[in-house]
Amino acid sequence: MELTDLYREVILDHNRHPRNFGHLDPADGHADGHNPLCGDRLSITLRNAGDRLEELRFKGNGCAISMASASLMTEAVKGLRHDEVETLFQQVHGLLTGTAVPTADLGKLAALSGVREFPVRVKCASLCWHTLQAALADAASGHAAPVEPVSTE
Ligand code: ZN
């Protein structure tokens with residue numbers, strides 16, 4: 001099987017059977033994201049345990065890339081320390097924008113590397129990560145302020 005076929009399989013699988021789909025209640029942090037270019041919408045809720053992201057769920061609707069990316073992300077970040085989440089985001093961003101090559105530690109997230117051939121899709125794939133950052137910021141602030149929806153524009 002070609003690597004690109006394998007990547008396509010992973011995207012299709014996560015789009016059809018999204019992992020960690022739903023809504024956490026109660027949650028420590030929550031944020032909504034919107035990609036107006038494509039119409040993708042995401043809502044992320046999460047719970048922390050100390051400096052670790054203990055649990056998270058996403059809900060939303062959008063294109064296959066946005067949904068698969070969110071599903072893959074939830075699997076990849078669950079249980080990580082917050083600084084590890086940030087490091088992973090930088091790696092994924094490099095992967096999506098073509099400034100980094102897939103590395104073994106990215107695991108299934110490497111399936112998103114095909115997105116770099118479609119620049120308009122990069123925002124679809126990165127929406128969940130921006131929304132996760134906002135949800136982590138919301139948790140860090142203790143829901144101090146209402147969170148503006150994240151927009152990729
Ligand atoms: Zn999209």
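We use all heavy atoms of the structure for the numbers below, so side chains are in, but hydrogens, waters and symmetry mates are not. When a ligand or atom number is given, it counts from 1 through the structure's own listing order.
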Donor-acceptor pair, side chain of Gln90 and main chain of Thr87, under 3.5 angstrom: no
Under 3.5 Å donor-acceptor, Arg52 side chain and Gly79 backbone: yes
Close aromatic pair by centroid cut-off 6.0 Å: His23 and Phe58: no
Nearby protein N/O/S atoms (those under 2.8 Å) for the Zn ion (ligand 1), with water ignored: Cys38 SG, Asp40 OD1, Asp40 OD2, Cys63 SG, Cys124 SG
Salt bridge (charged side-chain N to carboxylate O under 4.0 Å, His left out) evaluation trace for Arg19 with Glu75: CA-CA 7 Å; Arg19 320 303 201 266; Glu75 282 201 319; 3.8 Å; yes
Evaluation steps, side-chain contact (heavy atoms from CB on, under 4.5 Å), between Lys78 and Asn20: CA-CA 10 Å; Lys78 198 188 281 192; Asn20 303 301; 2.8 Å; yes
ring-ring contact (aromatic ring centres under 6.0 Å, His included) partners of His14, counting only residues at least two apart: none
